[in-house]
A.B. asks: 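Dumping the structure here so I can ask a few things about it.
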Amino acid sequence: MAAMNFKEIEDKWQRRWEERKIFDADIGGVKKFFLSVPYPYTSGPLHIGHGRTYTLGDIIARFKRLQGYNVLFPMAFHVTGTPILAIADSIAKGEETVVARYNDYIAIYEGAAKVKEIVSSFGKPENVAHFFADRISDDFKRMGYSIDWRRKFNTTEPMYNKFIEWQFKKLYDKGVITKGKYPITYSIDDKSAVGEDDIEDGDITKVTTIEHTTIKFKLSDMDSYLVAATLRPETIFGVTNLWINPAARYVKVKVGGGEFWIVSREAAEKLGYQREEIETMEELAGEYFLGKHVKTPIDDREVPVLSASFVDADVGTGVVYSVPAHAPYDYIALEDLRRAEGVEIAPIRIIDIEGYEMPAKDICEQMGIENQADERLEEATQRIYKDEFYRGVLNEVCGDFAGVKIAAIKDAVKDWLKGEKIADVFYETSRKAVTRGGGKVIVAVLQDQWFIDYTPKWWKDLGHKLVDGMTFYPDKYKAYMHDIIDWLAFRPCARKRGLGTEFPFEKGWIIESLSDSTIYMAMYTIAHLLRQLPVDALTESFFDYVFLGLGDAEALSKAINVDATILKRIKDEYEYWYPNDLRHTAPPHLSNHLVFFLMHHAAIFHASKWPKAITLNELMIREGRKMSKSKGNVIPLADVSELYGVDIYRLYCAINADFASVVNWREQDTEALRKRFNTLAELFEGSVDVEALKEAEFTHTDRWLLSKFYRRLQESVERFDAFRIREAGINMLFNVLNDIRYYEQRESADRRKRIVRNILEDWLIILSPIVPHICEEVWHKLHDSFISVQTLPELKVEFIDDRVEHEEAYLVALIGDIKEILKIARIKPGKIYLYTAENWKWEIFRAIKDLPDRDKIKEAMKIRKDNLLSTVDFVKQVMKNLSLKKKALPKKENTLYFELDEAEVLAREREYLTDEFGCEIQINEAYDPKGKKRFAIPLKPAIFVVE
RNA sequence: GCGGGGGUAGCCGAGCUGGACAAAGGCGCAGGACUUAAGAUCCUGUUCCGUAGGGAUACGUGGGUUCGAAUCCCUCCCCCCGCACCA
């Protein structure tokens with residue numbers, strides 16, 4: 001037979017599914033299932049790692065259809081936020097790395113001729129978004145996803161803006177939209193906020209804002225403060241001196257309240273973006289301060305200002321306070337000074353920690369660090385910090401704070417210092433960074449940032465209640481979600497730039513992109529209908545009516561000038577599909593998207609519309625390594641069909657790992673899977689034109705195969721239903737293939753073709769969620785209908801036959817035993833004698849098979865005393881083979897025990913055994929020269945082989 | 001440090017509500033069948049010992065509970081993730 005052209009098959013069925021619109025979901029039908037997966041962000045192509053989540057989602061959708069549910073599986077595109085905008089800006093400016101990257105991206109989809117033209121169109125963000133949205137739709141179609149595309153939308157469409165506005169009005173009414181200060185990364189050159197995609201290498205090493213604490217030290221001979229910045233304000237008790245870089249420039253600035261601060265010139269500039277009133281007075285050289293003294297703020301000691309080369313004017317304030325007992329830099333800098341100038345300053349130890357005498361000194365000696373130019377000082381600092389933070393305790397030097405772990409007291413010290421007006425806040429970037437254009441990145445503080453306040457108790461209570469009522473798979477994430485709800489507090493929800501919906505309560509702000517992706521699943525239920533309405537009609541009362549059931553259609557109809565029947569129709573659609581029965585996504589979303597998803601539903605929607613279940617699959621790696629564009633090891637989803645074949649990719653996703661495990665994409669494994677898949681295809685092909693076996697002609701082996709198959713089918717449906725797709729897949733593919741292989745050995749290739757025909761249709765149906773294309777192809781050779789919209793067959797339980805399976809297992813075990821003997825004895829069999837256990841052995845066997853405890857063994861032994869093999873030995877042997885349980889386990893059947901007419905089975909299979917061993921087989925003959933007969937126990941005949 | 005997840009054969013990876021476990025399945029490797037050959041496919045083997053279906057040793061380490069432990073409890077070692085506003 002001609003090999004199947006899988007590529008052709010994929011194309012054919014994808015085209016027909018689309019033409020016949022078989023996945024368009026319309027309301028109606030008793031059972032509905034609404035599944036959602038995250039909408040992709042359209043800044044670039046998706047890769048096979050992303051595909052795992054969508055593929056598993058599709059497998060679930062397809063399985064639910066088999067179960068008879070009316071399934072809605074929709075898709076949309078996420079465009080909101082800064083990345084797409086940043087990309088467009090970069091391309092408009094002609095930045096080479098970005099242009100090169102997008103050349104590569106577009107080359108995935110387009111011929112070289114068009115690449116340049118398309119990239120140049122990317123100066124406009126909407127072109128980027130539309131291009132990739134279209135390509136990703138194509139990718140998804142090519143993956144065979146059973147999506148209802150009519151409901152597609154993107155997050156910058158006017159109707160979506162209206163919907164998000166409505167959401168924020170609902171939250172505002174609940175009083176959870178608030179204002180406050182907030183630090184952001186900011187470009188001085190661009191005069192705007194910058195995100196990961198604006199920053200040079202921002203995708204490789206993220207830049208975050210770090211809160212430093214500034215501490216004021218009054219100069220003895222001036223009306224000014226030297227202001228030091230620190231990440232460890234709790235060490236203020238151990239300060240011995242200040243550090244200044246003599247080569248740096250410092251300035252005196254007047255801050256709000258009329259104080260004069262001295263900080264580095266760089267820090268003064270940053271302060272200008274972080275505080276409201278800053279006035280620069282005069283500039284001074286660093287060395288000007290050397291030898292001066294300052295007062296320590298809390299204990300009023302006089303300490304010197306010294307010189308240190310490690311102080312960087314562009315980090316913090318350019319002034320550092322020295323805690324040589326606990327800071328390796330300070331310790332080493334003092335050592336340098338002592339050697340050079342004979343300065344003697346004794347460290348003040350303020351933290352007790354097991355394993356250290358004087359931590360900074362200890363670690364420097366341990367690591368062999370000798371001067372402040374040593375790069376390992378950074379590592380030493382990290383190590384000490386981690387140790388002290390978690391294990392260290394402030395000692396008696398620290399007054400009221402003594403005796404408490406740093407981790408528990410750090411913030412209290414900081415707050416106390418702030419309260420005493422000693423400390424203030426200064427933000428710094430987590431590393432030095434520049435924009436892709438080369439402009440310096442600093443931290444600016446927005447004075448009136450908008451937040452969502454997740455702290456109200458009523459809200460958290462609702463969130464917990466919602467989670468309690470949900471299913472999570474893997475289950476462990478449920479407890480985790482409760483924790484996340486507890487620590488969730490304030491979250492910025494609007495920003496100054498990016499694409500998205502205008503913030504309804506203040507001009508100039510855009511709703512931030514995670515905050516606009518929380519309840520969008522509701523949009524899927526009505527998106528295709530909203531398209532028919534003018535945008536003006538999508539008012540607050542419109543959404544109130546549709547989603548919350550407020551008001552009535554007639555009144556609304558007049559208000560927004562839309563026919564009431566249309567309004568009712570829209571509402572019906574929402575009422576039918578909502579809630580979201582399953583959200584399938586990945587664990588990294590737990591502490592952001594998913595918790596917002598749940599909390600916003602809890603706050604806005606009626607409890608009957610709360611989400612039902614969340615399933616999460618881990619990531620995909622490739623050849624043991626994380627996939628990332630910087631490593632260059634990503635495979636675009638668009639290439640899957642060409643490189644591997646879609647069904648094989650889907651199969652890999654389904655059976656390579658459970659949801660809870662990372663999938664490792666290995667070429668070697670895809671190759672192995674391809675061979676398996678080909679075998680499967682050949683099996684299908686070989687049976688479509690063959691006549692199935694009639695019940696009247698069933699042999700024992702036929703019944704065995706059918707029994708195995710339907711038992712596996714039954715198990716697999718249960719596992720599928722519990723999202724254990726991997727187990728179901730392995731069972732229905734690998735295990736069934738093995739059964740069939742065994743069957744063929746036992747019977748013949750011709751008969752195998754016929755028996756496979758018996759199970760073919762049911763097999764195709766259960767495999768169709770995972771490998772829909774091949775199943776659709778074969779199905780159409782048998783039926784003029786789509787397998788994708790079939791329902792599971794009535795389970796043919798009548799074929800599940802314990803006795804038949806037991807007999808076969810018995811035979812397999814016997815053959816194994818005989819082979820074992822032949823191997824050990826190294827003989828060629830001339831004749832094989834088999835002796836089955838006598839009746840009295842069966843009696844004992846029955847008597848003890850389900851003993852609740854060992855005591856009854858004595859009872860059983862009374863049944864008979866035998867002088868060949870003592871009953872005691874016999875019972876022991878039986879016990880061993882039976883693996884009797886101390887307590888009868890209700891969950892697992894003891895399948896080691898079963899009733900069997902051994903002699904009958906052996907007689908029936910004598911011919912098979914004869915073939916198998918190429919010699920005569922004698923059953924229960926009196927001839928027993930070696931006395932083997934006595935070794936027979938039930939289900940394990942004695943064997944005697946004659947050469 | 002706290003919280004969560006792990007450590008199973010040459011590799012990947014099941015099992016882990018205690019008993020069917022020398023341990024599923026796959027890969028790799030070795031031998032065989034088929035083939036002019038290669039590939040594909042199929043069979044057999046893949047801890048050690050054993051001329052009768054057996055025995056010994058094994059699931060990070062060291063203990064414990066039990067008739068019985070990869071599975072339960074405790075010690076220790078090692079790896080991964082999170083630890084707070086950050087997308």
Side-chain angles (χ1 to χ4, degrees), chain A residues 3 41 81-83 182-183 195-197 202-203 206-211 353 386-392 405-408 430 451-452 454 474 476-477 479-480 483-484 486-493 512-514 587-593 618 624 655-658 660-664 666 668-669 671-673 675-676 678-679 682 726-727 729-731 733-735 737-738 741 744-745 749 809 813-814 816-827 853-854 879-887 889-897 930 932 935 940-945 947:
Chain A
Y41 190 73
T82 52
Y182 190 70
E196 179 179 318
D197 286 82
D203 52 334
K206 292 206 192 307
V207 177
T208 56
T209 61
I210 305 282
E211 181 184 323
I353 176 170
K386 207 173 176 188
D387 269 2
E388 291 188 339
F389 183 74
Y390 292 116
R391 296 196 290 125
K405 282 204 175 175
I406 309 292
S430 55
F451 290 91
I452 298 175
Y454 290 101
K476 62 179 177 180
Y477 290 120
Y480 189 41
D483 286 350
I484 293 168
D486 281 336
W487 70 245
L488 193 63
F490 291 87
R491 176 173 171 94
C493 63
E512 179 273 337
S513 71
L514 278 176
H589 290 146
L590 278 161
S591 62
N592 45 65
H593 165 70
E618 271 294 346
I655 68 176
N656 192 271
D658 184 59
S661 305
V662 171
V663 162
N664 188 5
R666 303 200 300 180
Q668 195 184 52
D669 291 351
E671 191 52 28
L673 204 57
K675 291 176 191 167
R676 279 287 164 137
N678 288 343
T679 306
E682 280 169 25
R726 175 175 200 264
E727 292 173 21
I730 287 176
N731 208 21
L733 187 65
F734 288 134
N735 295 345
L737 281 176
N738 286 346
R741 196 156 66 192
E744 182 171 335
Q745 265 180 270
L814 176 63
D817 282 349
I818 297 172
K819 281 187 177 164
E820 176 85 359
I821 290 167
L822 296 178
K823 187 182 136 204
I824 300 301
R826 292 178 203 158
I827 49 177
D853 56 64
R854 313 206 104 215
M879 292 295 291
K880 189 176 159 198
N881 280 279
L882 254 186
S883 285
L884 276 188
K885 284 138 188 85
K886 188 181 180 183
K887 294 165 210 150
L889 291 179
K891 310 161 218 171
K892 283 185 196 169
E893 296 269 314
N894 187 347
T895 53
L896 283 184
Y897 170 85
K930 291 270 174 74
K932 296 290 185 190
F935 293 117
K940 198 168 167 64
I943 300 161
F944 174 55
V945 182
E947 272 193 89

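Chain identifiers are assigned alphabetically (A, B, ...) following the order of the sequence lines, protein sequences preceding nucleic acid strands; residue numbering begins at 1 within each chain.
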A.B. asks: For nucleotides 49-52 of chain B, give me every protein contact, N/O to N/O, under 3.5 Å, one pair per line with atom names.
C.D. replies:
from: B:U51; atom 1: O4'; to: A:I824; atom 2: O; distance (Å): 3.1
from: B:A52; atom 1: N6; to: A:V945; atom 2: N; distance (Å): 3.2
from: B:A52; atom 1: N6; to: A:V945; atom 2: O; distance (Å): 2.6
from: B:A52; atom 1: N1; to: A:V945; atom 2: N; distance (Å): 2.7

A.B. asks: Rounded to the nearest angstrom, tell me the gap between atom CD in A:E671 and atom C1' in B:C12.
C.D. replies: 17 Å
A.B. asks: From the set B:A14, B:A87, B:C85, return the single nucleotide nearest to any side-chain atom of A:S591.
C.D. replies: B:A87
A.B. asks: Apply salt bridge (Lys or Arg N to Asp or Glu O under 4.0 Å) to A:K819 and list each qualifying residue two or more places apart in sequence or on a separate chain.
C.D. replies: A:E916
A.B. asks: For A:D486, give me all partners under side chain to side chain donor-acceptor pair (under 3.5 Å), at least two apart in sequence or on another chain.
C.D. replies: A:H464
A.B. asks: Can you tell me how far P in B:C43 sits from the matching atom in B:G54, rounded to whole Å?
C.D. replies: 25 Å
A.B. asks: Please assess A:I655 against A:L673 for the test side chain to side chain contact (heavy atoms under 4.5 Å, CB included), listing each intermediate value before the final yes or no.
C.D. replies: CA-CA 10 Å; A:I655 68 176; A:L673 204 57; 4.0 Å; yes
A.B. asks: Report the residues that fulfil salt bridge (Lys or Arg N to Asp or Glu O under 4.0 Å) with A:D817, sequence neighbours left out, ordered by chain and then residue number.
C.D. replies: A:K940
A.B. asks: Start at the 5' end of RNA chain B and walk down; is the nucleotide closest to A:N735 or to A:V662 reached first?
C.D. replies: A:V662
A.B. asks: Using a heavy-atom cut-off of under 4.0 Å over every strand shown, decide if A:P474 touches base, sugar-phosphate, or nothing.
C.D. replies: nothing
A.B. asks: Is A:R676 close enough to B:G26 that one of its side-chain N or O atoms is under 4.0 Å from OP1 or OP2 there?
C.D. replies: yes
A.B. asks: Under 3.5 Å for both distances, Watson-Crick or G-U wobble, that's the pair rule; now give the dot-bracket for RNA chain B, with | marking pairs to another strand and [ ] for crossing ones.
C.D. replies: ((((((((.[[[..)...(.....]]]((((((.......))))))(((....)))...[.[[[..)....]]].])))))))....
A.B. asks: Can you check nucleotides 3-9 of chain B for protein contacts, nitrogen or oxygen pairs under 3.5 Å, and list what you find?
C.D. replies:
none

